[in-house]
Amino acid sequence: MGALPHITPVDRTDLPPAFPPGFRWGAATAAYQVEGAVREGGRGPSIWDTFSRTPGKVTGGDTGDVATDHYHRFREDVALMRELGLTSYRFSISWPRVQPTGRGPALEQGLDFYRRLTDELLAAGIEPVATLYHWDLPQELEDLGGWPARSTAERFGEYAQLVAQALGDRVALWGTLNEPWCSAFLGYGSGVHAPGRTDPAAALRAAHHLNLAHGRGVAALRASLPSTALVTISLNLHQIRPLTDSEADREAARRIDAVGNRIFTGPLLHGGYPDDLRADTAHLVDWERLVRPGDAAAIGAPIDLLGLNYYTPALVSASAPAAARPAHGLGDHSPWPGAERVFFHQPPGRATAMGWAIDPSGLYDLLTETARANPGLPLLITENGAAFEDVPTPSGEVHDPERIAYLHGHLAAVHRAMADGADVRGYFLWSLLDNFEWSYGYGKRFGAVYVDYATQCRIPKASAAWYAGTARSNALQPPVSN
Ligand code: IFM
């Protein structure tokens with residue numbers, strides 16, 4: 001027998017970190033931020049049309065009237081997604097396109113837009129992921145009381161049923177709400193989002209009715225969709241860190257956790273509203289009257305995946321050293337009922353153009369903590385990304401090394417969290433395109449694709465090419481632009 005050939009062992013540390021087969025590589029957008037065409041196809045006005053047209057509410061008086069014109073350019077945008085190697089596209093459905101007043105029969109013209117979009121995605125081999133509500137409440141429902149009114153949750157259930165019946169044959173992954181914390185507490189608490197109300201009690205009622213709407217939505221989706229369909233909700237759970245280990249700072253963190261996180265995860269995943277939240281806010285709402293028999297069961301209906309949106313951690317304290325912002329930080333009114341005397345600090349280190357500290361360890365902690373608290377519940381990162389001051393070169397390229405570094409750092413954190421037991425099924429970059437960044441208008445660019453708003457020309461940034469490399473190889477590429 002001859003000598004065995006010498007085999008050089010593969011140095012596995014040279015290989016880029018791989019993700020499991022079937023991991024979703026997506027990008028996300030939201031209807032009002034990208035579609036434009038606000039007066040086309042019979043669409044009714046939403047609270048964001050009203051709010052953005054109110055002087056002083058949005059930087060520069062920007063509105064979503066045209067946005068990125070995705071309504072007309074979706075074919076071009078789907079072609080871009082295909083070039084980027086995306087497996088999935090998370091978009092939201094505009095409620096006032098489907099029901100212009102938020103009630104009554106569906107407008108076929110509105111549904112047709114989403115039929116065309118999903119057909120185009122499927123033809124490109126891209127999984128459509130539909131969110132039913134990303135903040136564009138029909139104005140008429142706001143006039144009838146908005147989210148602080150229980151009837152809005154019932155209307156949402158009817159809307160969910162209409163959409164599921166129309167698109168259930170082609171959409172297999174559904175989200176009910178995006179970031180209900182923002183809808184409730186920025187919309188009705190600090191008032192920096194539509195509809196711009198500043199009433200802490202109304203904000204808490206809104207939170208309950210958003211939870212109830214989610215429950216009604218899950219029931220409607222389950223009733224109309226095949227049993228294989230997956231249902232989720234996207235929460236922006238705050239990754240809260242006390243400034244010091246003092247009892248007072250830990251108490252500050254507890255209060256923010258109660259009204260920022262557990263007000264949603266409590267009823268959605270753990271059977272009801274936590275006692276400490278009820279106690280913190282007892283002067284504002286009568287929880288016994290607000291939560292009716294049957295609500296807990298409706299809200300707690302099982303979901304298939306939990307969607308998490310993460311951007312930055314929050315550093316909080318009980319007392320105010322020089323540079324801290326009170327919990328009123330987002331406007332003159334607090335978005336944190338029951339925690340108004342908590343102070344927010346800028347975490348050390350680099351920040352994005354939003355002023356948000358860059359800290360991938362927050363995403364690692366969020367994933368591992370959420371996984372530990374909810375064994376058996378798969379997770380999906382439905383948003384993560386960063387705004388930077390992107391400027392095209394004279395030859396029309398956009399170099400955004402900071403975004404590549406941000407995405408690389410956060411995806412490395414996801415990979416590490418998965419190695420440590422978090423069952424993460426996919427990652428959606430926020431955002432596919434630069435778009436209307438709510439009260440900041442068009443000044444903040446989160447896209448992997450640059451949009452020249454004067455011409456609507458799309459320019460994939462260097463980060464888009466980098467993300468495509470990672471998506472296509474299903475393995476985290478080094479943070480260099482090619
Ligand atoms: O643009 C928003 C999105 O609509 C919801 N999540 C956060 C993003 C960045 O602020």
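In what follows, every heavy atom counts, from backbone to side chain, and hydrogens, waters and symmetry copies are set aside. The first residue in the sequence is number 1, and the count goes up from there. One-based numbering, in listed order, for ligands and for the atoms of each. All figures in this text were calculated on a predicted structure; none of them were measured in a lab.
Contacts between Trp356 and ligand 1 below 4.0 angstrom, taking non-hydrogen atoms only, involve the side chain exclusively.
Taking 4.0 Å as the cut-off between side-chain N and carboxylate O, Asp119 and Arg115 do not count as a salt-bridged pair.
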Evaluate the side chain to side chain donor-acceptor pair (under 3.5 Å) criterion for residues Ser463 and Asp400: first the C-alpha distance (whole Å), next the side-chain angles of each, then the deciding distance (0.1 Å), finally the verdict.
-> CA-CA 6 Å; Ser463 58; Asp400 57 344; 2.5 Å; yes
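Residues forming a ring-ring contact (aromatic ring centres under 6.0 Å, His included) with Tyr406 (at least two apart in sequence, or on another chain): His410.
Looking at atom 6 (N) of ligand 1, its nearest protein heavy atom turns out to be Glu383 OE1, 2.5 Å. Remark: minimum distance from atom 10 (O) of ligand 1 to any protein heavy atom is reached at Glu437 OE2, 2.6 Å. Nearest protein heavy-atom contact of atom 8 (C) of ligand 1 is Tyr311 OH, 3.5 Å.
The N/O atoms of Glu179, backbone and side chain alike, include one that comes under 3.5 Å of an N/O atom in ligand 1. Between Trp135 and ligand 1, no pair of N/O atoms sits closer than 3.5 Å. Every N/O-N/O distance between Asn178 and ligand 1 stays at or above 3.5 Å.
For Gln139 and Asp49, the side-chain atoms include no donor-acceptor pair closer than 3.5 Å. With 3.5 Å as the limit, one finds no donor-acceptor pair spanning the side chains of Thr59 and Tyr442.
Between Phe51 and Trp135, the distance separating the two ring centers is not shorter than 6.0 angstrom.
Ligand 1 is approached by His134 to a heavy-atom distance shorter than 4.0 Å.
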